[in-house]
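Presented below is the structure to which this report refers.
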Amino acid sequence: MMVDKRHPRRSVGRRGQAAVPLYGFSPPVGTPYGLKVSTVEDFFAEHDDWPWNPPRPGRATFHYLILVTEGELLHDVDHVTRTVACGQWLWVRPGHAQCWHPPGAARGLFILFEPDVLTSDAARLLAPVTAHEAPAVLSPHPDDAAWLRQTALQLLDEHRALGRRRLDVHHALRRSLLESLLLRLANSPDVTSTGALAGGTGRRVTYARFVDALELNFRELHRAADYAGLLGCSVRTLSRAARDATGKGVREVIDERRLLEARRLLGGGVWDARAVAVHLGFTDPANFGRFFRGHTGLPPAAFAAREARTGM
């Protein structure tokens, strides 16, 4: 079983009720390693009517990676419905709010892995594509598509070969195939077009450090100067790094992260606007209301009501 459905860890809202559950990885029987390879159709069959009837949001501590080989897959990632066509990959990263749609005609390969499965060298090279803000849907470079599919099939075959080789060799082979696949997938235009793989330039390193700092501090720190101080650089240097990496200003990146968290909490059906405002560091709920409406076109309460109606 890839997800422990009986005892998920849950985020708790201000009212003391369970909000969006956080699911941990349960290793396949016989192996302690945080990697499982299956198919979309097997996943649907194994889980019967869970978790799409009714649709329920959740977060995971591990990566979901799906290659669609037939049909079309619909999947909500951070409250946006993504359509994954045949030949495309869906990548749901740890912490993303996600929600399954009812099973359709989609077929494909399904890879789940914990971040610490990767070697430190591979993790460093893959940082842009494993980053929280990287694209959810990837279209491989045409020169890579067939190779990626074949490597994914080889990974599935090796995963199913448990017991054919020593366990340490079996895991080393799986990890090697996974890292090769991810490194090639990182070459997709969806990633490279954003400038995410521009290399280890000083500005790229600065932006990567900023993203890490933002993930830890976005609830309390809301100014570019706050993060420049944490990183030991000037606001101008940080601003240039953000523009190079995203085309956006530092404040816009900070606001987008706060907005994403607000959407997650309101969409979970437990947190009200006042509680979210306090959680995100707004001194006045009215200011939060203006902030949220200015970015989404909806007041917080209306957004929460809409998400409740659609099952999110």
What about [X] and [Y], same hydrophobic cluster or not, with Ile/Leu/Val/Met/Phe/Trp/Tyr joined at side-chain heavy-atom distances under 4.5 Å?
| X | Y | result |
| --- | --- | --- |
| Phe288 | Leu259 | yes |
| Leu138 | Leu153 | yes |
| Trp91 | Trp147 | yes |
| Leu280 | Leu221 | yes |
| Leu230 | Val211 | yes |

Is [X] reaching over with its side chain to a backbone N or O of [Y], donor-acceptor style, under 3.5 angstrom?
| X | Y | answer |
| --- | --- | --- |
| Asn217 | Glu220 | no |
| Thr69 | Arg107 | yes |
| Thr237 | Cys233 | no |
| Ser176 | Ala172 | no |
| Arg93 | Ala131 | yes |

Closest approach of [X] to [Y] (non-hydrogen atoms, all atoms of both residues):
| X | Y | result |
| --- | --- | --- |
| His159 | Leu35 | CE1-O, 3.6 Å |
| Pro300 | Leu266 | CB-CD1, 3.9 Å |
| Leu181 | Leu148 | O-CD2, 3.4 Å |
| Ala242 | Tyr207 | CA-CD1, 3.7 Å |
| Gly87 | Pro140 | O-CD, 3.4 Å |
| Thr206 | Leu231 | O-CD1, 4.0 Å |

In Å and rounded to the nearest 0.5 Å, what is the [atom1] to [atom2] distance from [X] to [Y]?
| X | Y | atom1 | atom2 | answer |
| --- | --- | --- | --- | --- |
| Leu185 | Ser180 | CG | OG | 12.5 Å |
| Glu252 | Thr246 | CD | OG1 | 7.0 Å |
| Glu256 | Leu214 | CD | CG | 10.0 Å |
| Leu118 | Leu178 | CG | CG | 6.0 Å |
| Trp89 | Ser139 | CH2 | OG | 12.0 Å |
| Thr39 | Leu67 | OG1 | CG | 11.5 Å |

Is [Y] close to [X] at the side-chain level, that is, under 4.5 Å between some pair of heavy atoms?
| X | Y | value |
| --- | --- | --- |
| Ile254 | Tyr227 | yes |
| Leu65 | Val92 | no |
| Arg264 | Asp78 | yes |
| Leu125 | Leu183 | yes |
| Leu90 | Val77 | yes |
| His63 | Leu112 | no |
| Val253 | Phe218 | no |
| Val84 | Ile66 | no |

Taking Glu215 first and then Arg257, would you say they form a salt bridge - that is, a charged N and a carboxylate O separated by under 4.0 Å? yes
Taking the six-membered ring where the residue is Trp, are the ring centres of Phe292 and Phe303 under 6.0 Å apart? yes
Thr83: side-chain contact (heavy atoms from CB on, under 4.5 Å) partners, not counting sequence neighbours: Glu72, Leu74
Taking only residues two or more places apart in sequence or in another chain, which ones pass side-chain contact (heavy atoms from CB on, under 4.5 Å) with Ala161? Glu158, Arg164, Arg165
Audit row: Lys36, Phe25, side-chain contact (heavy atoms from CB on, under 4.5 Å) steps and yes/no: CA-CA 10 Å; Lys36 176 169 181 175; Phe25 190 93; 4.1 Å; yes
The complete set of salt bridge (charged side-chain N to carboxylate O under 4.0 Å, His left out) pairs with one or both residues in residues 144-155, sequence neighbours excluded, reads Asp144-Arg184
Using the rule given for salt bridge (Lys or Arg N to Asp or Glu O under 4.0 Å), can you reason through Arg160 versus Asp42, listing the C-alpha separation, both sets of side-chain angles and the distance that settles it, and then say yes or no? CA-CA 13 Å; Arg160 289 173 170 173; Asp42 283 349; 3.5 Å; yes
Mind telling me whether His75 and Tyr64 have parallel, tilted or perpendicular rings, with 30° and 60° as the class edges? tilted
Where does the angle between the aromatic ring planes of Phe291 and Phe282 fall among parallel (under 30°), tilted (30 to 60°) and perpendicular (over 60°)? tilted
Partners of His279 by side-chain hydrogen bond (donor to acceptor under 3.5 Å, both in side chains), sequence neighbours excluded? Arg219
The criterion is side-chain hydrogen bond (donor to acceptor under 3.5 Å, both in side chains); which residues satisfy it with Thr296, sequence neighbours excluded? none
Through direct or indirect side-chain contacts below 4.5 angstrom among Ile, Leu, Val, Met, Phe, Trp and Tyr, which residues connect to Val169? Leu173
The side-chain hydrogen bond (donor to acceptor under 3.5 Å, both in side chains) partner of Asp76 among Gln98, Arg82, His101 is His101
Does the pair Phe113 and Leu182 meet the rule for a side-chain contact (heavy atoms from CB on, under 4.5 Å), with working shown? CA-CA 11 Å; Phe113 65 96; Leu182 298 181; 3.7 Å; yes
Checking side-chain contact (heavy atoms from CB on, under 4.5 Å) for the pair Leu156/Phe110: CA distance, chi angles, key distance, verdict? CA-CA 9 Å; Leu156 175 63; Phe110 194 5; over 6 Å; no
Go through the steps for Asp255 and Arg251 under the test salt bridge (Lys or Arg N to Asp or Glu O under 4.0 Å), then give the verdict. CA-CA 6 Å; Asp255 284 350; Arg251 182 56 185 269; 3.1 Å; yes
Pair Arg258-Glu261, salt bridge (Lys or Arg N to Asp or Glu O under 4.0 Å): steps then yes or no: CA-CA 5 Å; Arg258 298 174 84 194; Glu261 196 70 11; over 6 Å; no
Trace of the salt bridge (Lys or Arg N to Asp or Glu O under 4.0 Å) decision for Arg274 with Asp272: CA-CA 6 Å; Arg274 182 176 294 274; Asp272 60 22; over 6 Å; no
Evaluate the side-chain contact (heavy atoms from CB on, under 4.5 Å) criterion for residues Arg290 and Asn287: first the C-alpha distance (whole Å), next the side-chain angles of each, then the deciding distance (0.1 Å), finally the verdict. CA-CA 5 Å; Arg290 286 189 288 271; Asn287 289 339; 2.3 Å; yes
Polar side chain donor-acceptor pair, Thr119 to Glu179, under 3.5 angstrom: yes
